[in-house]
Amino acid sequence: MKKIKRSISILLIAMMALAMLGGCGNNSTSGNSTANGDSAKATEKTADAGEAKGTESNPFILGVSPMSGWYAWYGVKDTGIFEQNGVYVDLQFFPVYSDSLTAFYSGQVDGICIAASDAVAPVNEGVDFKVVLVNDNSYGADGIVVQDGINSIEDLKGKTVATEVGTLEHMFLLKILEENNMTVDDVNFVNMTINDAGPAFIAGSIDAAVLWEPTLSTAIGAGGKLLYSTKEEPGLMVLKN
């Protein structure tokens, strides 16, 4: 129980820091996301009035994507601990991870859950933001799932492999191929979101997919074989807020 309380306290401090930092440094809302249009409208209205972020009428909006390590924010919010400490936070769910990145960079949300590798490109583009919390290190939560008959990375040659370009899964695939003296040109690569790659793999339309949890376990449960995961690459995938 003490560990749980301590974890919640750390998350609260992080969120309060996020509220003070103002995410990208842009407190105005440039548009409304279909994931939570009402919250975005409220944010736009109050931001114009110059009201501080994190208030009841102008809550801090945190973008969350379908990754197991980030679902904990819903548990934290449901405890009511934010409101108890005078901080108001709205969680905005993005079924597609890359959509959350776009929303953050364009100022539609105030903070997001992001992989460390995905935080590099916006820095190079001059996006003003700060990382305030490292909340997860992947240890088996990301991996390559394959169909029967594929028993090694080398067996992926000529096979159809899917994941989303520009994400940490894409980076993971490129690294694993490189470590086995291969490149993406050695496989039939298909650019596909994680949400689409999982069902496509289960349907048998692709030979392999690079997925994260919970989609990874779903694919394995449907008959897929885990070929390689971040258990073999500790510290490679760091997830942040």
Side-chain angles (χ1 to χ4, degrees), residues 7-8 10-44 47 53-54 58-78 82 87-138 141-142 163-172 193-195 211-215 236-241:
S7 296
I8 291 176
I10 292 173
L11 291 173
L12 173 62
I13 292 171
M15 290 304 300
M16 293 177 70
L18 277 168
M20 290 185 288
L21 291 172
C24 289
N26 180 4
N27 290 331
S28 62
T29 303
S30 60
N32 300 327
S33 171
T34 56
N36 192 344
D38 291 340
S39 293
K41 290 178 181 178
T43 302
E44 184 175 357
K53 267 290 175 183
N58 190 20
F60 183 94
I61 301 177
L62 175 65
V64 180
S65 304
M67 198 281 173
S68 55
W70 295 332
Y71 285 132
W73 288 110
Y74 287 94
V76 173
K77 180 173 175 57
D78 285 347
F82 293 135
V87 179
Y88 292 85
V89 178
D90 278 353
L91 301 180
Q92 185 166 333
F93 186 73
F94 290 85
V96 178
Y97 169 63
S98 56
D99 287 346
S100 72
L101 303 184
T102 300
F104 179 63
Y105 303 152
S106 62
Q108 296 179 48
V109 296
D110 305 299
I112 52 170
C113 301
I114 187 173
S117 59
D118 295 328
V120 176
V123 171
N124 293 334
E125 294 297 325
V127 178
D128 182 20
F129 70 95
K130 291 182 174 65
V131 173
V132 299
L133 174 68
V134 175
N135 64 345
D136 194 8
N137 282 279
S138 179
D142 304 75
T163 198
E164 186 174 1
V165 168
T167 64
L168 72 168
E169 306 304 273
H170 185 211
M171 176 201 72
F172 185 51
T193 68
I194 303 302
N195 288 11
L211 308 170
W212 57 55
E213 294 289 9
T215 311
L236 175 64
M237 292 189 181
V238 180
L239 308 178
K240 303 177 178 182
N241 288 95

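Residue numbers start at 1 and run along the sequence shown.
By the side-chain hydrogen bond (donor to acceptor under 3.5 Å, both in side chains) test, T163 pairs with no residue at all, sequence neighbours left out. Under the side-chain contact (heavy atoms from CB on, under 4.5 Å) criterion, T215 pairs with I194, L211, sequence neighbours left out. By the side-chain contact (heavy atoms from CB on, under 4.5 Å) test, Y88 pairs with E56, P59, E83, sequence neighbours left out. A search for side-chain contact (heavy atoms from CB on, under 4.5 Å) contacts involving S98 returns V96, E164, not counting sequence neighbours.
By the 4.5 Å heavy-atom criterion applied to side chains, L62 and V109 are not counted as neighbours. Counting heavy atoms from C-beta outward, D90 and F60 have side chains that stay 4.5 Å or more apart. Counting heavy atoms from C-beta on, the side chains of W212 and F172 never come closer than 4.5 Å. You'll find the side chain of D110 reaches within 4.5 Å of the side chain of K53, heavy atoms only. Between F93 and S65 there is no side-chain heavy-atom pair separated by less than 4.5 Å.
Distance alone, capped at 3.5 Å, is enough to place a donor-acceptor pair between the K77 side chain and the V89 backbone. Remark: the backbone N or O of P95 is paired with a side-chain donor or acceptor of N195 at under 3.5 angstrom.
In summary, the side chains of S106 and Q108 do present a donor paired with an acceptor at a separation below 3.5 Å, with no hydrogens or angles considered.
Classified by interplanar angle (parallel below 30°, tilted 30° to 60°, perpendicular above 60°), the ring pair F104/F129 is perpendicular.
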| Taking it one step at a time, do L91 and Y74 satisfy side chain to side chain contact (heavy atoms under 4.5 Å, CB included)? | CA-CA 8 Å; L91 301 180; Y74 287 94; 3.6 Å; yes

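Between Y97 and W70, the ring center distance clears the sub-6.0 Å criterion.
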